[in-house]
Every structure is written in C-alpha cells, then in structure tokens.
Protein chains: 2
Amino acid sequence: MKRRQIDAAWTGNAQCQDCGLRELVLFADLDQNDFNLIHLPIEEITCETGTVLYSAGEEGAALFTLRVGLVKLVQYLPDGGQRIVRLLKPGATAGLEASLGQPYEHSAIALRPTRLCRIPRPVIDRLSDETPRLHRQLMQRWHAALREADGRLTDLSTGKAPQRLARLLLQLVEPDATVSLFSREDLGAMLGITTEHASRTVVELKRKNAITELSANRFQCDVSQLRDIGAADS
Amino acid sequence: MKRRQIDAAWTGNAQCQDCGLRELVLFADLDQNDFNLIHLPIEEITCETGTVLYSAGEEGAALFTLRVGLVKLVQYLPDGGQRIVRLLKPGATAGLEASLGQPYEHSAIALRPTRLCRIPRPVIDRLSDETPRLHRQLMQRWHAALREADGRLTDLSTGKAPQRLARLLLQLVEPDATVSLFSREDLGAMLGITTEHASRTVVELKRKNAITELSANRFQCDVSQLRDIGAADS
DNA sequence: CGGCTTCTTGAAGATATTCAAACCCAGTGG
DNA sequence: CCACTGGGTTTGAATATCTTCAAGAAGCCG
C-alpha cells in the first residue's frame, strides 16, 4: 500500500457558503457575518486510497470534514500492531483534537478515494471566540465521535467473528445493498481478529450466500440474513 | 445486587466556589460572576455500590461530576447481555449528552461507594449561553471521554485475557499498589469475556503472584510483573 | 515473464465458551 | 444453634472458536 502525504492533492479553496453539504458539515449554523471572520483558506482536498491525512502525535494544525469516501483512524499498539479505532463516513469530522490545541491522537488514512475540507486551526479558534454557534456543532461532533467509539465496542468487539463482520457490513451497506470492502488486514484490525481469520470469515459469509462477490471487493448483501447473523450466532 | 435509585441520597447543596476539586471539575474556569448565574441547586450526592445514577434512554436532566468512587457506564446488547463501555474515576463527568439536550446513552451505576455532584441541565444551558469559559471545559470533557473510549478498545479489547486483565488492573491501581476489584460478571463485561473466564484469569494472575488477595476483592499488585503481562503475552 | 503483495487454505495448538456441578458465605427461619 | 437457601465464585470436561505458522494461489506492476 503506497502512502502519500496530502501535499500535492490540493483542489481549490472551498466555497463554504455554497457547500452542498452545508447541513452536514461543521459550519451548518454559521451566517454571513461569521463567514466574514474566516481569513484563512479552507482547502478542498481530493485524495486517493492510502493517503495519510495526518499521523498520530503530530501537532493538530487543522481539522477535516469528510465529504466523500471513507477514512480510518488507527492507533498503533505497543506490540507494533495496529487497531482501527474509528471509521469516518461523509459528514464526519477528523482531528477534532486540533480544536483544543492538542496533537493528533490517531493516524487518519483514506480507505477509498476521498474528498474533504481542511479547516486550519486558526479559523476554528477565531470562530470559536466570536460566535457561539460553532460550539453547538463542535459538541455535536464530539458527541457523534463518542457514539461511534462506543458502538465500535459493542458492535464490533463483542461476539463471534461472523457476527462482528455482519454488523460491520450492515454499517457499510449502500442503499442499493452493495458494499465495497477493504483489505483483509484492515478488516482484522477493525474486528479485533487476525488477517487470516478475517479472510476465513468473509469466505464463510460468501458460502452462506449472505454476501455475493460482484467484482473485486464489491459485494451484494442479503441484508436480512446479515441481520440474523449479526443478532444471534446460529 | 440491590439497585437503589438516587432519590434518597441527597447530601446537601454544593459550594462550588470552595470545592476542593476545583481544578478537576467542570467549573474550573468560572469566576464569581459566572457563579452568580447559577440559580438552581447543585446537589452533592452520596451513594453506595449498585446505585443507578441514571438509565439509558431517560431524558438527560442533569450531568454528574464524580468526586469519589467508581462508576460504570453500561450499554445493553441486543441479546440482553451488558457491556461496560467506560469506567469513570474521580474528576470525570457522566451524562455529558444531557448538555446537548439528548437522552442518556448508557446506564450509569456506582461500582463502589461514591460521591458526586449533580448539575441540572438548566444550569449548564444558562452558563453555556453566558460564558464561553465553560465551553472549553465541556470540550475537554468530551475529549477525555473519547480518549477513554479509544483506550478501552486498544487496551481492554485487544489481546489475550491475561493481558487485558493486567492492563485493567494497571488502570485501577492506587498509589499504594493495591486494587479493589469488582464482581467477576462486571470484569467479564469490561474485558469482553465470560464471567467464568474472568474468574479463571484472576486465579491465573494470583497463581503467578502478579496479584495477592489481601481481603475479599482487595489485591496487592506486583506492578512491574503486571506491566510485563500487559505488554506481551509470554 | 518474474517479483511482489495480498488473499486463501490447511493443520496443529492455544485460547475461550458452554454447561454442569461443587463451593463459599451471608442471611433467614426453624 | 444449625440447617437451609440463594447469590456469587470457582472448577472441570467437552467443545467451539481463534491464532499461528507455513505454504499455495491469485493479482498487480515493472
């Protein structure tokens, strides 16, 4: 897996006022006066699978809003292994710690081609001082992140491997009942199992026809069967 | 285990300005003017092991700051089992969701005799509107809760049972190298293993003399050995 | 076509679960 | 006082699940 830093992937300055995701993103509540407070460019970044948005321990210089794609937050374990701590979907925020002046706690890596907005910390600081409207949104973000984290524990770290995988798939299905899966290594790091066992488990669900491989790592899901498997292990 | 609701356990109204934990608690940054905004009583509550502070799904009417003791936040699984999502130690905050007007996401239950302050939501709302000083603290709380949650995943849901238990013990040791443990059932719910296996694992650490039972559920810890066990499984 | 990585498969052994039974201990009532 | 009871804990044995190590298959890229 090639890992590129994000320096070269600049797309252009964002037009937040016209953002199609206004409802979703951090600036949902801001008005025109608030936008006038922004004096630093908010970049819109496009990057491909494997791109490292930031690394654990770095100074938190910016915060990211995900527009398209999928991003993993990973923490490295004492023994060198990695554990995926959270998955970010469009509308989610990465690097919230930055808004508190803290270094990043995870490494953020794109799992698919991804588009996101990079909001420099000074912008957050400025807005934070001037408008309370941002606070509500920031808190909501913290809250959402925490729910995600709790859910990861109850959904993806509890029960047998097939249950966990089924629940993960249910979190990832598109409205058309398809899923793009990522590498078996990442799957293992998500579910807390070995790469090999992740592979076996995928095969097992395929054998049961709970999922059907359409093309490389794209699957058609039998949602109701996945729900059965995820709920109680038969 | 008897579970009492907290109605009867009222100790008195808190004197926040004089609070010995000012550094630790939510109101650390407030000044006299801010305190004047508080028009509802902040109760100081004392409760014993097993007391339910609040239950998942209830309207979030207040937020709690833990002064003494230990509190578990549990989420109930689809299959009826419970998983302990977080452990709160003195200085931590329970029920942050309340400050966003959301229902509680967990049930909070005391694992030991506990003292805490109950801050009604209107107080938070009022202060939130009037003083930005509270925001920083609230964010810090969210941040801390999130770190806790992430840590639970990497420390206590990864690796073999003895490793997990060792790491949990290290989180709980007092300065004098002793630990008060809770029930085997709760241990299992923390570590993601069965009650029986939790029991066996405790016995195993006792056999290795990594811990020594002083009295019922009080142990003397060999911290350095626990660290070894927690790091790599031998 | 190599050479590389990722995915899959196999088999042996380690680790955890399940179900059942024994145990301990505190509280109850005869 | 002692037997009885009920909760939580411990133990045992059989089984299920996961890991480990090793090797083969399948893709991908130069």
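Numbered from 1 within each chain, the chains take letters A, B, ... in sequence-line order. Not measured: the values here are computed from a predicted model.
A/Arg218 and A/Ser180 share a donor-acceptor pair across their side chains, judged by distance under 3.5 Å alone.
Ring geometry, A/His143 versus B/Trp142: the interplanar angle falls from 30° to 60°, so the pair is classed tilted.
Backbone-only engagement by B/Ala161 is indicated by non-hydrogen atom pairs under 4.0 Å involving sugar-phosphate atoms exclusively.
Here the closest heavy-atom approach between residue A/Leu153 and residue B/Arg83 is recorded as O-NH1, 3.7 Å. Residue B/Ala98 comes nearest to B/Tyr104 through the heavy atom pair CB-CE2, 4.2 Å, listed as atom of the first residue, atom of the second, then distance.
Whole-Å rounding puts the A/His197 NE2 to C/dA16 P distance at 13 Å. If you measure from atom CG of B/Leu165 to atom C1' of C/dA16, you get 15 Å, rounded to the nearest angstrom. The separation between A/Ile193 atom CD1 and C/dC7 atom P is 13 Å, rounded to whole Å. Distance A/Glu204 CD to C/dG10 P: 14 Å, rounded to the nearest Å.
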Classify every nucleotide of nucleotides 9-16 of chain D by which part a protein heavy atom approaches to under 4.0 Å, writing B for the base, S for the sugar-phosphate alone and - for neither, in 5'-to-3' order.
-> SBBBB---
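In this structure, B/Leu87 and B/Leu172 have side chains that are in contact, with non-hydrogen atoms separated by less than 4.5 Å.
Not one side-chain nitrogen or oxygen of A/Thr194 sits closer than 4.0 Å to the OP1 or OP2 atom of D/dC18.
The main-chain N or O of B/Gly101 is never found under 3.5 Å from a side-chain atom of B/Glu97 such that the two would form a donor-acceptor pair.
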